[in-house]
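What follows is a short report on a single structure.
This chain uses plain numbering: 1 for the first residue, then up along the sequence. Note that the structure is a prediction, hence the values are computed from the model and not measured.
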Amino acid sequence: MENRINKRKFCFIICVNNEGYLEECLWYIDRISVPDGYEKEHVVIRDAKSMTSGYNQAMKLTDAKYKIYIHQDVLLVNVNLLSQLLTAFEDPSVGMVGVLGKRKFILSAEYSEHWDTGAVEVCNGTNAIYFNFSPEAKGWTGVRAIDGMFMATQYDIPWDEEHFDGWDFYDISQCEQFRRVGYRIVVPGITSLEGNWVFHDAGQCEYDGWEHYRRIFCEEYEDQGYHYMTAEWVKHRDEIREKQNQIMNVFSANDFNKAGEMLMQLEAGEMNSQLAQVACYLVIMGEEMSAYGGIMSSVLQEFDEFVREYEQVKFALRRFYFEERSGAWASLQNRLRAGKISMKFLWVAAHESVADPNRLWWRVFAEYQKEIRELMKQGEILEAERLLQQMDEKWRGRDGNIFLILIYVFRREVESGMQRTVFDRFADPDDMIQHFIRLKLYLRRIEFGLAQEYQREVYDYFVQTNVSEYLIFQILQKNIFYKEQFCRNLSLLFEREEGTDSMRSKLYRQLAEQE
């Protein structure tokens, strides 16, 4: 075996039961930089009987010296992590590297409840958090155990299939195996979110087999001082499952208000992955009902469809979060245009999917603004209106709110049979904005008394840009304070330029009398 080891090769090893997660996992692996003179590959094990059997199988399928065992729901976001791994492995006493660890021995082996070293960005299904247990640490910290989400090795030690034939405690067992033969286990010091190695889309841990294998672990490594005692939460496991089942029954009966109330009453550790999906569904539904007065996203019609689409939306948002030029916006754009999701849907997903949602949301919002402009340029006015109406006024910003006013005017002009509309004069969205601002300034001058020498300039602008009464009325309603004075002054302007009996002169004279 030693003769066939390729000392300049990395292999990523993944046990898989979800092809969607695998696709995402591999996308991030493809982005990772390879040090000069080295190569990388990946081995995927499907339908493994256990994590240990899958890893042992993969170990035999690669000649790479450096093996990186990761969960299918792990996204490797640090493109330079291979170079950093080589730095750690320059020390031959270092056998394994993790991203999350525990420095001290724990009698009960409940390491996963007490990590104190390393960093990770993790999503539990309803929100994402960045954990950094040692933000000031640099270099490498020795630990007793590491989390199985990421375990990189430079030596091959078989995984214990005999005792750990499931999906729990294989990681802590392997740490003890490495320690038994004298190798150290280390975790990198990460000082900020930008230097983080791993995003773990962990969801809610079910712990179905965890307690069973913790008992086996404590018995197998009793000589190391471990001792098994039943965890406190196990005593309440049946009660917790009953709560979870009751909520699902209420939700399945479409009593969404009651289901939401029951979810709010759950204590820490009582949520499971399915209920996390329910919680996201209810939050998005509530946001849309509040903002739009009804359900806007078509995927909310069926819960199973929502689950599938929400997963894909999260994947796209995260690609966009970690690499702005990833092309992920196209996937979101298509869903928006098809009406599958709304901007409120995206807003909730962005805030539940990553630890720095503001950074992600501003990227999404910038693309949203580009999308509106592109639709306006293409003449897809009503589609632009649909997307604009999905955002709160404060989020639409100045330009978005002006676009909505112009679209409203466009609708009125078309209904009245006008041959030329507000959009016929200006095809470029930026020109539309400037036109609206310029017209608003002119009308405000009229409100406060336009000097006679400027009246011809203003009138000519009205004629050249085909300003309709519908547009003037919109500015009058929203931006003019002294409405009576404004109408009298505008009536005088039209009287001067078009005559006392002109339609517009009479119109604004009548409006002034009504104010």
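- Each salt bridge (Lys or Arg N to Asp or Glu O under 4.0 Å) pair with one or both residues in residues 278-290, not counting sequence neighbours, appears once here: Glu287-Lys344.
- Shown are Glu374, Glu371, Glu383; of these, the salt bridge (Lys or Arg N to Asp or Glu O under 4.0 Å) with Arg337 is made only by Glu371.
- For the pair Gln72 (side chain) and Asn17 (backbone), a donor-acceptor distance under 3.5 Å is present.
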Quiz prompt | side-chain contact (heavy atoms from CB on, under 4.5 Å) between Glu242 and Glu239, worked out | solution = CA-CA 5 Å; Glu242 179 59 26; Glu239 179 183 334; 5.7 Å; no
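- Side chains of Glu211 and Tyr228: a donor-acceptor N/O pair is present below 3.5 angstrom, by distance only.
- Under the rule for a side chain to side chain contact (heavy atoms under 4.5 Å, CB included), the partners of Ala152 that lie at least two apart in sequence or sit in another chain are Ile68, Leu85, Phe89, Val97, Phe150.
- In plain terms, the two heavy atoms of Val122 and Ala202 that are nearest each other are CG2-CB, 3.8 Å.
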Practice problem: Evaluate salt bridge (Lys or Arg N to Asp or Glu O under 4.0 Å) for Glu305 paired with Arg308, printing each intermediate quantity in order. | Solution: CA-CA 5 Å; Glu305 183 183 4; Arg308 291 191 296 271; 5.4 Å; no
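- Every residue two or more places apart in sequence or in another chain that forms a side chain to side chain contact (heavy atoms under 4.5 Å, CB included) with Pro158 is listed here: Asn56.
- For the salt bridge (Lys or Arg N to Asp or Glu O under 4.0 Å) test, residues two or more places apart in sequence or in another chain that qualify with Glu19 are Arg46.
- For the salt bridge (Lys or Arg N to Asp or Glu O under 4.0 Å) test, residues two or more places apart in sequence or in another chain that qualify with Lys9 are Glu41, Asp63.
- Applying the salt bridge (Lys or Arg N to Asp or Glu O under 4.0 Å) criterion to Glu161, with sequence neighbours excluded, gives no partner residue.
- With sequence neighbours excluded, the residues that form a side chain to side chain contact (heavy atoms under 4.5 Å, CB included) with Glu324 are Phe320, Arg363.
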Exercise. Please lay out, stage by stage, how Leu100 and His200 fare under the test side-chain contact (heavy atoms from CB on, under 4.5 Å).
Key: CA-CA 11 Å; Leu100 212 56; His200 190 196; over 6 Å; no
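- Sorted by first and then second residue, the ring pair (Phe, Tyr, Trp, His ring centres under 6.0 Å) pairs involving residues 98-130 (not counting sequence neighbours) are Phe105-Tyr226.
- Classification of the Phe164-Phe217 ring pair by plane angle, with boundaries at 30° and 60°, yields tilted.
- Annotation: side-chain hydrogen bond (donor to acceptor under 3.5 Å, both in side chains) contacts of Glu270 (sequence neighbours excluded): Lys243.
- In this structure, the ring of Phe303 has its center less than 6.0 angstrom from the ring center of Phe251.
- Judged by distance alone, the side chains of Tyr368 and Gln390 never bring a donor and an acceptor atom under 3.5 Å apart.
- The 12-atom threshold is exceeded at CD of Gln378, counting heavy atoms of other residues, nucleotides or ligands nearer than 6.0 Å.
- From Ser297, atom OG reaches atom CD1 of Ile284 across 7.0 Å, with rounding to the nearest 0.5 Å.
- Salt-bridge check for Asp399 with Arg373: passed, with a basic side-chain N closer than 4.0 Å to an acidic carboxylate O.
- In terms of the salt bridge (Lys or Arg N to Asp or Glu O under 4.0 Å) criterion, Asp160 has no residue partners (sequence neighbours excluded).
- Sorted pairs that involve residues 260-269 and meet salt bridge (Lys or Arg N to Asp or Glu O under 4.0 Å), not counting sequence neighbours, are lacking altogether.
- Counted within 6.0 Å of CD on Glu380, heavy atoms from surrounding residues, nucleotides or ligands total more than 12; the atom is thus considered enclosed.
- Classification of Glu24 and Arg318 as a salt-bridged pair fails, no side-chain N sitting under 4.0 Å from a carboxylate O.
- Checked for salt-bridge contact, Glu367 and Lys370 meet the test: a charged N lies under 4.0 Å from a carboxylate O.
- Every residue meeting the side chain to side chain contact (heavy atoms under 4.5 Å, CB included) condition with Ile129, not counting sequence neighbours, appears here in chain and number order: Asn127, Phe131.
- Panel note: side chain Glu309, backbone Val299; no donor-acceptor pair is recorded below 3.5 Å.
- Within 6.0 Å of CG in Asp47 there are 12 or fewer heavy atoms belonging to other residues, nucleotides or ligands.
- Atom CG of Leu82 is separated from atom CZ of Phe10 by 4.5 Å, given to the nearest 0.5 angstrom.
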